[in-house]
Structures are given as structure tokens and as C-alpha cells.
Colleague: 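I'd like to ask some things about the structure below.
What you are looking at is a predicted structure, and each value in this text was computed from that prediction instead of being measured.
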Amino acid sequence: MSRSGGTPRLGPYPGPYAYPYAGPDRPFPEARTRRPPATGVARPAPVPVVVAGVLGIAGALPLALLVGDAVAFGGLWDTTGVKWWLYPLLAAPVAQLWGAIRLLSGRSWRVLALACLPGSAFFGYLVSVLAVDGTGRGLGWFTLALGAPLLALLLTLLPPVRQWVAGRRRAATPAP
């Protein structure tokens, strides 16, 4: 009597080899862990991801303008000598833009976090110099625009951002 017929089996149990299993040396199929089926619908990006990405992109422009002006107008030389810290800062706007694109595409949050460190440090340097300067110049809009990398860095380190990127990367890896 076939098993697919839907009628109950009458009689003794014929044994594990009576039905079409995987083979006589493996009468029962191996248990495998299965991933949940992909629904094809990606989870939308949370608000901190979008805001951090936009701030990362927007914060690259003032940093590029300021560093470009410092190099173009000879700001690398001072009465005390060469300001060596401006040389690595030349690559910071490009790295920050690349990190923001990687975050918005759901590939990596670490790249933006590391790329925002030079801009955040430069913002902190300018705030400390202008606060101690005492000339009354104050913080202009340009200095405050340099605060975008700091905000992007803080938003990138939030747990929802890291969890969203981890979920996107997990969904993108092929099943074993």
C-alpha cells in the first residue's frame, strides 16, 4: 500500500527501508538548519541611518573647502613651522563621502565612523582655539557647518544603525 494514497496503513510496520528514503545507509534525512525564506522586501532604513548619511555627505563639503583653502592659500605654513596635521586632513572629505555612501547602501557603518574622526577632531580644535582666542570673532556659520561630521559620527554609533547594517549584510550573504 502506498503512503501517498491517504488511506491508513493496516498491518504491522514494515520498517524504515520500505519507503523511499535517502538511501539504505541513511534511512532518515539529515536535519539541516534552514534560514527563513527571504521575502524580497528590504527593511527600510531607520531615521538615524538617513540622517547620519546625509550629515556625512553634507559635512564633507565644508571640510573640503576649509582644507582646500588652507592648502591653496599657504595655510600649511605658520610662524612655528609646518602644520603637519593638515596633510592627512586632505583625504578626510573623500573618505567621509565614501563612508556616507557605504552607510546609506547598508554595507558598513565603520567606514563612516572612522572617516568622521578627522573632521570631528578638526571641529573640536577650532572650537577650542576660538573659545580661548578672546578676539571676539566667535564661531561663524562655517565653523558650525564643520559640526556635521561630529553629529554623523554620533548617529553612526547608535545601536539601531549598527543593527540595520548587520541585518542588511546578513540578508545579502548567500545561504550555505
Colleague: Closest approach of Leu104 and Trp164, non-hydrogen atoms and distance?
Modeller: O-CH2, 4.0 Å
Colleague: Tell me whether Leu154 is reachable from Trp109 by hopping between hydrophobic residues (I, L, V, M, F, W, Y) whose side-chain heavy atoms are closer than 4.5 Å.
Modeller: no
Colleague: Establish whether Val111 and Leu157 are linked, either directly or via other cluster members, by ILVMFWY side-chain heavy-atom contacts under 4.5 Å.
Modeller: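 Per the 4.5 Å side-chain linkage, Val111 and Leu157 are not co-clustered.
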Colleague: Nearest 0.5 angstrom please: Leu63 CG to Phe123 CZ, how far?
Modeller: 12.0 Å
Colleague: So if you build clusters from Ile, Leu, Val, Met, Phe, Trp, Tyr with side-chain heavy-atom gaps below 4.5 Å, do Val54 and Leu61 land together?
Modeller: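 Each belongs to a different hydrophobic cluster.
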Colleague: Starting from the C-alpha separation in whole Å, work towards a yes-or-no answer on side-chain contact (heavy atoms from CB on, under 4.5 Å) for Leu112 and Gln96.
Modeller: CA-CA 6 Å; Leu112 181 61; Gln96 187 173 329; 4.3 Å; yes
Colleague: What is the distance from atom CZ of Arg168 to atom CZ of Arg43, rounded to the nearest 0.5 Å?
Modeller: 9.5 Å
Colleague: Taking all atoms of both residues into account, what is the closest heavy-atom pair of Ala148 and Gly59, and its distance?
Modeller: CB-CA, 3.7 Å
Colleague: For the hydrophobic clusters of this structure (ILVMFWY residues joined by side-chain heavy atoms under 4.5 Å, transitively), does one cluster hold both Val165 and Leu114?
Modeller: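 The answer is yes; both residues are in one hydrophobic cluster.
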Colleague: side-chain contact (heavy atoms from CB on, under 4.5 Å), that's the test. Do Leu66 and Leu146 meet it? Break it down for me.
Modeller: CA-CA 9 Å; Leu66 186 64; Leu146 287 173; 3.5 Å; yes
Colleague: What's the spacing between Leu153 CG and Leu55 CG if we round to 0.5 Å?
Modeller: 11.5 Å
Colleague: Report whether Leu151 and Leu158 are members of the same hydrophobic cluster (ILVMFWY, side-chain heavy atoms less than 4.5 Å apart, transitive linking).
Modeller: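 Yes; Leu158 is reachable from Leu151 via cluster members.
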Colleague: Would you say CZ of Arg107 has more than 12 non-hydrogen atoms from neighbouring residues, nucleotides or ligands within 6.0 angstrom?
Modeller: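 It does not: Arg107 CZ has 12 such atoms or fewer within range.
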